[in-house]
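Here the structure is laid out as structure tokens; the discussion comes afterwards.
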Amino acid sequence: MGQGDTVTGGAGRCTCCAEPPVIRLKEPDRYLCAAHLIAEVEERAARTIRERGLVRPHDRIAVALSGGKDSTALLVILSRLLPAWEDASLVAITVDEGIAGYREDTIRAAQELTRKTGTEHVCVSFKDLAGDVLDALLVGRETQACSVCGILRRKALSAASHKAGATKIATGHNLDDEAQSVLMNTLRGDLSRLVRTSDADSSDCFIPRIKPLADIPEKEIAAYLFVQDMFPFLPECPYTRHALRAEVRSMLSAIEQKQPGTMRNLMNSKRVIEKQVGRRALSEPLRRCRQCGDPCSGELCQVCMLRQSLGK
Ligand code: SF4
Ligand code: ZN
């Protein structure tokens with residue numbers, strides 16, 4: 001069985017109490033009931049935040065809320081942890097890329113969740129940022145969907161976070177996402193990006209990004225929402241099939257099934273490389289984009305380069 005298998009047979013008891021288990025966790029091997037699974041997931045996120053110093057007093061945290069399962073879990077967990085942090089606040093930011101038949105439902109789910117958790121909510125769109133919806137920007141270049149989408153989404157998120165006065169941007173990346181990124185950057189031979197994507201990655205020009213769920217496997221996050229009746233059953237983005245990530249994802253979870261601990265091993269390798277090489281050693285000096293003035297490493301930032309190639 002893989003990490004975090006869901007228990008369907010109902011046999012046995014939770015390792016912590018007499019209730020029936022809903023999931024089996026590895027490292028260490030144990031069975032957990034719904035209440036202990038919820039406590040475990042929230043404690044693990046709290047520990048990641050504590051140990052890596054991700055939240056400071058008076059932080060205003062912009063939560064990237066797509067409405068999908070990871071960002072839903074992130075907002076639920078952060079809003080429960082919030083009272084423990086001195087004078088910190090949350091603002092949820094949803095980016096509407098303009099993907100027909102997909103985004104409408106996730107935006108509705110995001111609105112519903114912010115209402116339930118009492119979180120301030122801001123929506124920004126690609127139409128405002130790039131002059132058109134993603135579907136229109138991609139005509140004839142569908143295979144590049146995720147890189148175009150990623151560049152514009154990062155820009156939209158940081159612009160909205162700046163405007164909202166945020167001091168941190170929190171994203172819902174889980175352990176599976178992080179391990180997939182390590183593998184993808186390795187496959188692309190992109191060592192600079194491999195060591196650039198850590199928690200609280202920051203410079204004077206950027207709002208630091210934090211990933212409180214980075215130590216939690218995807219299955220546990222799904223189960224955490226499921227047992228609370230909060231799992232968002234939503235359509236998948238129609239461009240997913242073009243993504244290299246989709247292939248890496250299924251390959252890696254197949255290996256993890258056979259060889260539990262593979263994803264954690266990948267993350268450990270990345271940390272060793274990061275320590276040995278040093279993040280600064282590989283990063284290019286920051287300059288200002290000559291078109292928009294945003295920080296970037298070349299003459300033009302990625303968004304302005306993209307706009308030029310799209311003729312926008
Ligand atoms: Fe954007 Fe690709 Fe994700 Fe769809 S799958 S939302 S195109 S990054
Ligand atoms: Zn620019």
Side-chain angles (χ1 to χ4, degrees), residues 2-4 6 23 25-27 32 34 36-55 59 61-82 84-85 88 90-95 106 109-110 113-114 117 119 150 153-154 157 161 166 168-184 197-202 207-228 230-232 234 245 248-249 252-253 256 261-268 270-271:
Q3 207 169 45
T6 309
I23 196 165
L25 302 188
K26 302 279 173 80
E27 308 169 83
L32 294 182
H36 280 106
L37 168 68
I38 295 169
E40 163 76 25
V41 168
E42 291 177 359
E43 169 48 29
R44 204 125 30 105
R47 201 187 318 144
T48 301
I49 291 170
R50 209 169 42 237
E51 290 178 355
R52 299 187 195 163
L54 303 185
V55 176
D59 259 343
I61 306 166
V63 183
L65 179 67
S66 69
K69 72 172 177 358
D70 298 311
S71 63
T72 294
L74 178 66
L75 184 60
V76 170
I77 293 171
L78 291 185
S79 58
R80 288 178 186 170
L81 296 177
L82 188 65
W85 300 321
L90 300 178
V91 52
I93 296 181
T94 301
V95 179
T106 59
L113 183 67
T114 50
T117 54
T119 311
R153 181 149 21 82
R154 260 192 306 279
L157 189 57
S161 303
K168 299 272 164 65
I169 298 177
T171 61
H173 294 92
N174 57 46
L175 176 64
D176 299 45
D177 298 325
E178 292 295 278
Q180 287 155 19
S181 296
V182 171
L183 199 52
M184 283 165 66
T197 51
S198 297
D199 270 324
D201 201 0
S202 67
I207 302 177
R209 293 193 173 227
I210 60 172
K211 299 170 187 172
L213 309 185
D215 292 327
I216 309 174
E218 184 173 12
K219 277 184 189 165
E220 291 175 38
I221 287 171
Y224 168 82
L225 291 175
F226 203 73
V227 297
Q228 299 179 85
M230 291 176 130
F231 188 91
L234 294 166
R245 185 173 287 274
V248 169
R249 180 187 176 168
L252 200 50
S253 43
E256 176 75 39
T262 299
M263 294 197 200
R264 285 200 195 282
N265 292 343
L266 268 173
M267 295 313 297
N268 290 340
K270 177 204 151 129
R271 275 181 211 115

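Just so you know, residue 1 is the first one in the sequence shown, and it goes up from there.
Looking only at side-chain heavy atoms (C-beta outward), Leu157 and Arg209 come within less than 4.5 Å of each other. Using a 4.5 Å heavy-atom cutoff, the side chains of Ile23 and Glu220 are in contact.
Under a 3.5 Å cut-off, the side chain of Thr171 and the backbone N or O of Lys211 do not form any donor-acceptor pair. Checking side-chain atoms of Ser71 against main-chain N and O of Ser66 turns up a donor-acceptor pair under 3.5 Å.
Taking every heavy atom of both residues into account, Thr119 and Ala92 meet most closely at CG2-N, 3.9 Å. The heavy-atom pair separating Ser253 from Met263 by the smallest distance is CA-CE, 4.3 Å. The two residues Ala179 and Leu266 come nearest to each other via the heavy atoms O-CD1, 3.8 Å. Considering every non-hydrogen atom in both Thr72 and Pro232, the closest pair reads OG1-CG, 3.9 Å. A pairwise comparison of heavy atoms in Arg44 and Asp215 identifies NH1-O, 3.6 Å as the closest pair. Closest non-hydrogen pair, Ala170 versus Pro212, comes out as CB-CD, 4.4 Å.
Checked against Thr48 for a side chain to side chain contact (heavy atoms under 4.5 Å, CB included), the options Leu54, Ile210, Ile216 give a single hit: Leu54. With Val41 as the fixed residue, the side chain to side chain contact (heavy atoms under 4.5 Å, CB included) test singles out one of Leu213, Ile77, Leu32: Ile77.
Applying the side-chain contact (heavy atoms from CB on, under 4.5 Å) criterion to Thr106, with sequence neighbours excluded, gives Tyr102, Arg103, Leu234. Residues passing the side-chain contact (heavy atoms from CB on, under 4.5 Å) test with Asp70, sequence neighbours excluded: Asn174, Asp177, Ile221. Under the rule for a side chain to side chain donor-acceptor pair (under 3.5 Å), the partners of Arg80 that lie at least two apart in sequence or sit in another chain are Glu42, Tyr224, Gln228.
Ion pairing between Lys219 and Glu256 fails under the 4.0 Å rule for side-chain N and carboxylate O.
Note: Ile49 CD1 to Leu78 CG = 5.5 Å, rounded to the nearest 0.5 Å. The structure places CG of Leu75 at 5.0 Å from CG of Leu113, a figure rounded to the nearest 0.5 Å. Of the inter-residue distances, the one linking Leu74 atom CG with His173 atom NE2 reads 10.5 Å to the nearest 0.5 angstrom.
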Please step through side chain to side chain contact (heavy atoms under 4.5 Å, CB included) for the pair Arg47 and Glu43, ending with a clear verdict. CA-CA 6 Å; Arg47 201 187 318 144; Glu43 169 48 29; 3.8 Å; yes
The test is side chain to side chain contact (heavy atoms under 4.5 Å, CB included); show your working for Asp176 and Leu252 and say whether it passes. CA-CA 8 Å; Asp176 299 45; Leu252 200 50; over 6 Å; no
Chi angles and distances behind the salt bridge (charged side-chain N to carboxylate O under 4.0 Å, His left out) call for Lys270, Glu178: CA-CA 10 Å; Lys270 177 204 151 129; Glu178 292 295 278; 5.2 Å; no
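One side chain, Arg245 or Gln180, offers a donor N or O that lies under 3.5 Å from an acceptor on the other.
Heavy-atom neighbours of Phe226 CZ from other residues, nucleotides or ligands within 6.0 Å: at or below the threshold of 12.
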